[in-house]
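Before any comments, here is the structure.
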Amino acid sequence: MSKPVELVVIGAGSRGAGAYASYALRHPDQVRIVGVADPDPIRRGRMAEAHDLDDAQCFTTWEELVAAGQLGAGAIVATQDQMHVEPAIAAMEAGYNVLLEKPMAHTLEGSVQLVQAAERTGRILQICHVLRYAPFWRKLHEVLESGVIGEIVTVEHRENVAYWHMAHSFVRGNWRNKGLSSPMILAKCCHDMDVLVWNLGSPVKRLSSVGSLKYYRSESVGPEIPLRCTDGCPIEAECPFSAIGIYLDYDRTFPDARRRLIEGGFDPEAPPYWPFNVISPDVSRAGRQQAIETGPYGRCVFHCDNDVVDHQTVLMELESGASVTMVMHGHSNQEHRSMRYDGTKGTLRAVAIEPGRIEINIHGGASEVVTVDTSDVGHGGGDEGIMADFVRVLRGEIAPLTTARVSLESHLLAFAAEEARLSGQVIAMADYRARAEELAALAG
Ligand SMILES: NC(=O)c1ccc[n+]([C@@H]2O[C@H](COP(=O)([O-])OP(=O)(O)OC[C@H]3O[C@@H](n4cnc5c(N)ncnc54)[C@H](O)[C@@H]3O)[C@@H](O)[C@H]2O)c1
């Protein structure tokens, strides 16, 4: 039997520790965590305890970890968006194969430089486009690839971000401000672009985009609304974005959560999982209360320093002649993606919700509904799936499902969409791809 693959974790936050390193605890026969880098002593300590790491295996920064020489076969790089390029390139140069969180970089140049570094060093650089590894999205791809609906002519793809998720991540949280993280079309939709690239198999020829931050801004409310939900807000009780309703009295926002916690053997007064564990390392009610009274997650959604859009539409024409609209917004009642593909032989409608549903109607003929269990934690099984694949790739059992160069295309589309939205121009993607390579050469 093969030995467990040894991995280090750079950035032991929600994703590094929660989504990926936890795989080693569930599958000790496959993965062993042999090092961690994180400046946060609580997170570093939790990793050390969970994975039995000694002091020599714990580092304060990624620079220190990389300087210590190669500790394992692979590195999981799960730092925040603007800290991906340097640690991933340094890790590859130090000999690690890298599993890198998306977006691969927050700049065009950085994205291309990563691909060039992977090709130069010969290391595997797998980007966490986790949907490709989730059963629902694999099934959708399989149906489209079978040709059952013929040649695809037009696609509508929607990324419906739930209002509370929008408030948590893109108004109050880590991805609220472009200058601090990345544009929302990149942060949220490089996944959607990747799915489209994967399913359509034809490059985008040109694209345009519109969108704005329409609602989550101070002009949307009157002067009587205070800066924090806990500051006696007169509409707190009925406000769907209330931090009290999301993080404290969470039954208001997530009616099923308390029952699930109790059934899962957890303390309902200390929900252990996302999004609660993001606002404070102390998830007790007192800890969460303090977090919303003093930290960023208690701010009124109309009084934050957010500047990312709350709705954006991208219109794309493919080299094949097909056309695609992609809609992303943060006003959905429920978190889900939905799609419609119309082909020369039939129509496919799909909803990535629990359970995932794919309905295929052949013109003048048969119809079929396929349901896929999406209840598996972490992107409908995508987080678990990408780890399983990464392990098998490092063991030499399979080839990577995608390369960094394939992942680059989804990022270029997102950057181009943002440029198109801001400039009002139609972007010719052949020119844009050439410009990206030039910029990277100049920056390199
Ligand atoms: N694949 C997906 O679907 C998906 C989902 C959510 C987030 N993400 C991405 O994952 C990344 C991480 O997100 P997160 O929510 O886990 O963030 P996080 O803030 O919880 O974790 C980042 C960690 O990096 C650590 N860090 C900061 N400086 C460091 C340094 N110099 N060296 C080492 N570590 C350092 C921080 O202390 C923190 O613990 C982001 O880029 C995000 O966009 C991807």
Side-chain angles (χ1 to χ4, degrees), residues 8-22 35-47 58-68 75-88 90-91 98-107 110-111 114 126-134 137 159 161 165 168-170 172-178 180-195 273-281 295-297 308 335 337 352 377-387 390 402 407 410-411 414:
V8 296
V9 177
I10 293 177
S14 296
R15 303 294 300 167
Y20 304 122
S22 63
V36 62
D38 199 303
D40 183 325
I42 296 179
R43 291 180 168 186
R44 210 168 54 241
R46 285 182 178 171
M47 280 288 291
C58 297
F59 303 87
T60 310
T61 65
W62 63 264
E63 286 96 333
E64 288 172 22
L65 181 145
V66 169
I76 295 165
V77 178
T79 37
Q80 274 295 345
D81 293 8
Q82 299 205 359
M83 198 189 280
H84 283 183
V85 179
E86 289 83 3
V98 171
L99 185 68
L100 172 62
E101 257 305 357
K102 66 86 217 157
M104 52 202 298
H106 71 293
T107 62
S111 306
L114 276 166
Q126 208 163 329
I127 308 302
C128 293
H129 279 144
V130 289
L131 300 186
R132 284 194 188 230
Y133 304 83
W137 296 95
E159 161 63 302
V161 180
H165 183 190
H168 172 75
S169 290
F170 302 98
R172 295 181 169 120
N174 289 329
W175 299 273
R176 67 190 183 277
N177 186 296
K178 270 199 330 183
L180 301 172
S181 56
S182 41
M184 189 163 167
I185 196 74
L186 178 71
K188 199 77 190 80
C189 293
C190 64
H191 282 312
D192 302 273
M193 295 296 193
D194 183 60
V195 163
Y273 51 77
W274 184 90
F276 307 105
N277 57 5
V278 174
I279 70 166
S280 166
Y297 291 93
V308 301
E335 183 84 2
R337 292 179 164 93
V377 286
H379 295 99
D383 294 352
E384 193 84 354
I386 199 168
M387 279 300 291
F390 191 55
T402 60
S407 296
S410 57
H411 288 64

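Just so you know, ligand 1 is whichever comes first in the structure, and atom 1 is the first atom listed for that ligand. Numbering starts at 1 and runs along the sequence shown. Bear in mind the structure is a predicted one, so any value in this text is a computation, not a measurement.
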Can you say whether the rings of H411 and H129 are parallel (under 30°), tilted (30 to 60°) or perpendicular (over 60°)?
tilted
Measure the distance from [atom] to every protein heavy atom, then report the residue, atom name and distance (to 0.1 Å) of the closest one.
{"atom": "atom 10 (O) of ligand 1", "answer": "E101 CG, 3.1 Å"}
{"atom": "atom 3 (O) of ligand 1", "answer": "H191 NE2, 2.8 Å"}
{"atom": "atom 29 (C) of ligand 1", "answer": "P39 CD, 3.4 Å"}
{"atom": "atom 30 (C) of ligand 1", "answer": "M83 SD, 3.7 Å"}
{"atom": "atom 4 (C) of ligand 1", "answer": "R15 NE, 3.5 Å"}

Taking salt bridge (Lys or Arg N to Asp or Glu O under 4.0 Å) as the test, write out the residues that go with D38, two or more places apart.
none
Under the salt bridge (Lys or Arg N to Asp or Glu O under 4.0 Å) test, residues paired with R337 that sit two or more places apart
E159, D192
Would you say A187 touches ligand 1, if touching means a heavy atom closer than 4.0 Å?
no
Among the heavy atoms of W175, does any lie under 4.0 Å from an atom of ligand 1?
yes
Nearest non-hydrogen contact with atom 41 (O) of ligand 1 belongs to which option: D81, V278, I127?
D81
Output the list of atoms in ligand 1 that are nearer than 4.0 Å to some heavy atom of C128, sorted by atom number.
1 (N)
